[in-house]
Amino acid sequence: MFSFFSPFPFLRILGLWVIGLLISPLGLILLVPVLWLASPTRRSICGLLLIGLAVARISQLSAEFAHHLPKHDAFVFQVNQTPVRGPSAWKIQAKVIAVRHGKQWERVHALANLFIPVKGAAPRFGQVFHVYGSLKPISEPLLPGAFDWRHYYALQGIYSAAFVPIQGLKLLKDASATPSIFERMRAQASSYLHQALPNGVHRNVADAMFLGMGSTIDFETRQSYAALGAIHILSVSGMHVGLLYLGLQFLLGFLLRFRPWGPRFYFGLIMLVLWSYAALSGFSAPVLRSAWMFSVLLFAQIFRLRTHPVNVWAFSGFVLLVIQPMDLFQVGFQLSYAAVLGLILFQRPLVNMWSPNYWLIKQSWELTCVAISAQVLTWPLIIYYFHQFPNPLYFFLLNPLLVLLSTLTLGVGFIFLILAPMMSYFPMAFSSLGHLVLLSFELLHGLMFATTDRFQTVISFIRLNLVELAAYYVGLGLLWHWWACRKVWGLNLSAFLLAGILIHRMGEPLHREAYLSIADKQVVFLSTQGFRGQSNGGASQAWLQSNAGAWWANNQVVDTLTRRWPNGSFLWEYQGMEFVYLTKPGVHRNANNSHLILSAELDLRDPRFLKSWQGSTWYFIRKPSVYRLSKLKPFWPKKVYYLAEQAAVHFP
């Protein structure tokens with residue numbers, strides 16, 4: 001029987017489509033003659049056509065939404081997606097319909113991220129609001145190497161953001177107040193979990209693990225999961241959908257014996273449950289990817305198509321990238337598909353390398369191979385984006401146990417949610433199964449927190465640039481070719497790439513530099529000297545990890561020191577420069593080569609003291625009002641910075 005899944009047609013198609021998404025239209029023009037001269041055949045023409053379609057598709061999406069909005073003082077938006085609740089605000093992806101410039105309204109077509117305080121009723125999908133205020137461009141990274149949210153959202157067609165106070169909102173068009181059946185099911189499932197689990201970490205993680213409601217998980221819990229390479233458990237992802245798929249296969253497998261209608265019922269029931277669960281979890285991107293991939297696999301299995309896992313992987317990725325090409329540039333998409341490909345390529349060969357005689361050791365070895373296989377293709381991406389990686393010692397010692405306990409927790413939790421509607425009429429049975437769910441979480445979190453509280457389970461400040469990332473994957477491909485074909489040149493070339501990276505690393509000079517910025521409305525001064533980094537101020541660990549980790553990693557920092565500022569006004573020195581932080585008026589007699597930082601609580605009603613600081617550089621923690629700025633103009637220095645509205649200030 002002919003099959004589009006055999007042997008690897010979609011792997012080649014996916015590769016050509018990705019090339020088209022990565023190159024610009026100019027790159028396509030340059031690529032055409034090269035491919036044509038290399039092989040002017042029908043296959044080359046088809047390849048060029050596919051690449052051209054990919055370029056056209058991504059160009060179409062990038063032109064769909066406006067990149068720049070006209071200057072405005074009010075705008076109208078429609079809630080475009082289900083709002084996500086954060087610790088203090090709702091995050092909304094909004095479709096901006098119109099903006100007001102002066103007294104004129106202008107229709108626009110743009111996307112924006114809006115943040116609305118968690119007060120009163122939650123915004124609903126489809127509602128239309130009028131807002132007094134303006135949208136601002138998404139901020140640049142504070143420090144070099146920090147995650148570039150502006151670029152990340154630009155790839156999704158989002159270029160603006162704003163914090164909208166409650167008093168600035170006016171509802172123009174309401175949406176249906178009746179929740180959908182899936183929203184009601186989600187709320188009911190959450191109530192069942194809350195009855196079984198006490199308020200705290202277990203309940204918060206359960207909401208995230210089963211229903212995709214992860215906004216209440218604290219930073220320390222997330223760090224513990226990330227430190228042991230288990231952060232994927234905190235969101236509904238491929239692991240959850242895969243476990244559900246395997247469970248459904250086990251429960252409904254008997255239908256395959258009843259032909260001809262049995263396999264069709266089997267296919268329909270599994271598809272119904274998979275996509276219902278995707279809807280129940282809010283149609284998050286990881287769930288959609290996993291549900292689609294398992295749907296393709298199930299279709300090929302039921303209708304007897306000759307399949308290869310690599311081709312199913314490529315086909316599912318190709319279809320998703322045709323529908324939404326921008327997903328290629330999302331970290332979650334890259335990690336998800338890299339992990340699945342690693343499992344397909346490496347898990348079975350690793351298992352076959354050793355066959356223990358004892359069942360327990362054999363199961364532990366197979367779980368270890370799963371962990372290793374998933375990391376082979378993902379660890380460079382983790383380092384490239386997050387500049388940290390789980391300590392290999394604890395990762396390989398604990399990951400088999402974590403995989404086992406997390407699988408057990410997921411399995412027990414799924415059984416509990418499936419049976420809860422019936423067992424709620426039998427309090428004793430409901431309570432017993434709820435205690436089993438609680439016990440599974442206590443075992444999982446007990447092992448995790450006991451380890452992360454006592455040991456250094458994560459290696460920080462690791463760096464990998466784009467060239468090194470590409471060299472790793474090229475070298476891995478060469479090693480695979482050497483292993484499969486026994487071509488020595490593949491081994492030699494991969495060794496040459498590794499040697500080149502090491503030589504380049506050894507020749508890199510050490511730097512000494514510093515940055516001044518604000519964190520949580522407090523001034524922070526970050527510096528590096530040799531292999532040491534220092535943080536002065538009240539920056540939290542989460543802020544340092546998000547903003548300073550990449551910069552320290554790129555400066556070869558291996559150890560950091562944190563110091564807090566004293567209360568009131570104070571000063572410090574750096575490279576012969578004097579920095580003065582004022583909380584109350586003060587006179588400076590030698591203001592040359594000094595830097596004045598004006599705190600948010602500094603009283604500026606009588607600004608005459610600033611005359612002695614005219615030779616300094618000023619830094620405002622909070623930008624004063626227009627009226628106050630007009631009063632400060634007679635004392636204005638040559639340079640002024642508003643730290644809350646710009647990237648960190650660099651001091652070489």
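Atom OH of Y192 sits about 8.5 Å away from atom CZ of F416, to the nearest 0.5 Å. For the atom pair I382 CD1 and H387 NE2, the distance stands at 12.5 Å (nearest 0.5 Å). Expressed to the nearest 0.5 Å, how far CE of M185 lies from OG of S190 amounts to 13.5 Å. L443 CG to M448 CE: the interatomic distance, rounded to the nearest 0.5 Å, is 13.0 Å. Atom CG of residue L381 and atom OH of residue Y472 lie 9.5 Å apart, to the nearest 0.5 angstrom. With rounding to the nearest 0.5 Å, the separation of CG in L444 from CG in L439 is 11.5 Å.
Atom NE2 of H194 has more than 12 neighbouring heavy atoms from other residues, nucleotides or ligands inside a 6.0 Å radius. When the shell of 6.0 Å around OH of Y473 is examined, it contains more than 12 heavy atoms from other residues, nucleotides or ligands.
Of all heavy-atom pairs between S546 and A146, the closest is O-CB, 3.8 Å. Nearest heavy atoms, L350 versus S373: CD1-OG, 3.5 Å. The heavy-atom pair separating V331 from F147 by the smallest distance is CG2-CE1, 4.0 Å. Listed here is the closest heavy atom pair of W489 and L478: CZ3-CD2, 3.8 Å. Contact between G434 and A196 at its shortest, heavy atoms only, is CA-CB, 3.7 Å. Across P198 and L438, no two heavy atoms sit closer than the pair CD-CD1, 3.7 Å.
Residues satisfying the side chain to side chain donor-acceptor pair (under 3.5 Å) test with T451, not counting sequence neighbours, are none. For H445, the ring pair (Phe, Tyr, Trp, His ring centres under 6.0 Å) test picks out H202, Y225, F441, F449, with sequence neighbours left out. Remark: Y153 pairs with W149 by the ring pair (Phe, Tyr, Trp, His ring centres under 6.0 Å) rule, at least two apart or across chains. When the side chain to side chain donor-acceptor pair (under 3.5 Å) test is applied to Y266, no partner is found at least two apart in sequence or on another chain. By the ring pair (Phe, Tyr, Trp, His ring centres under 6.0 Å) test, F386 is found to be paired with no residue, residues two or more places apart in sequence or in another chain being considered.
The closest donor-acceptor contact from the side chain of T409 to the backbone of L405 lies under 3.5 Å. A donor-acceptor contact shorter than 3.5 Å is absent between the side chain of S336 and the backbone of F333. For the pair W552 (side chain) and V557 (backbone), a donor-acceptor distance under 3.5 Å is absent. Side chain of Q388 to main chain of I383: no donor-acceptor pair is present (N/O by atom type, distance under 3.5 Å, no hydrogens or angles). Between the W313 side chain and the Y337 main chain, a donor and an acceptor come within less than 3.5 Å of each other.
T560 is not listed as a side-chain neighbour of L544, based on a closest heavy-atom distance of 4.5 Å or more. The side-chain heavy atoms of V273 and L269, taken from C-beta on, include no pair separated by under 4.5 Å. The closest side-chain heavy-atom distance from F346 to L377 is below 4.5 Å.
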I'd like to know whether N311 forms a side-chain contact (heavy atoms from CB on, under 4.5 Å) with F315, so could you lay out the CA-CA distance, the side-chain angles of the two residues, the decisive distance to 0.1 Å, and finally the verdict. CA-CA 6 Å; N311 219 30; F315 175 74; 5.9 Å; no
Would L211 and L193 count as a side-chain contact (heavy atoms from CB on, under 4.5 Å) here? Give the steps. CA-CA 10 Å; L211 304 173; L193 290 173; 4.1 Å; yes
Do I323 and V319 pass the side-chain contact (heavy atoms from CB on, under 4.5 Å) test, and can you show the C-alpha distance, the side-chain angles, and the key distance before you say yes or no? CA-CA 6 Å; I323 298 171; V319 172; 4.1 Å; yes
Please lay out, stage by stage, how L436 and I415 fare under the test side-chain contact (heavy atoms from CB on, under 4.5 Å). CA-CA 11 Å; L436 193 59; I415 293 172; over 6 Å; no
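Relative orientation of the F258 and W261 rings is parallel, given thresholds of 30° and 60° on the angle between their planes.
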Listing, residues 459-470 side-chain donor-acceptor contacts under 3.5 Å, not counting sequence neighbours, or none:
{"from": "R463", "atom 1": "NE", "to": "A553", "atom 2": "O", "distance (Å)": "3.4"}
{"from": "R463", "atom 1": "NH1", "to": "E508", "atom 2": "OE1", "distance (Å)": "2.7"}
{"from": "R463", "atom 1": "NH1", "to": "E508", "atom 2": "OE2", "distance (Å)": "3.4"}
{"from": "R463", "atom 1": "NH2", "to": "E508", "atom 2": "OE1", "distance (Å)": "2.6"}
{"from": "N465", "atom 1": "OD1", "to": "V467", "atom 2": "N", "distance (Å)": "3.1"}
{"from": "N465", "atom 1": "OD1", "to": "E468", "atom 2": "N", "distance (Å)": "2.8"}
{"from": "E468", "atom 1": "OE1", "to": "N465", "atom 2": "N", "distance (Å)": "3.1"}
{"from": "E468", "atom 1": "OE1", "to": "R505", "atom 2": "NH2", "distance (Å)": "2.9"}
{"from": "E468", "atom 1": "OE2", "to": "R505", "atom 2": "NE", "distance (Å)": "3.0"}

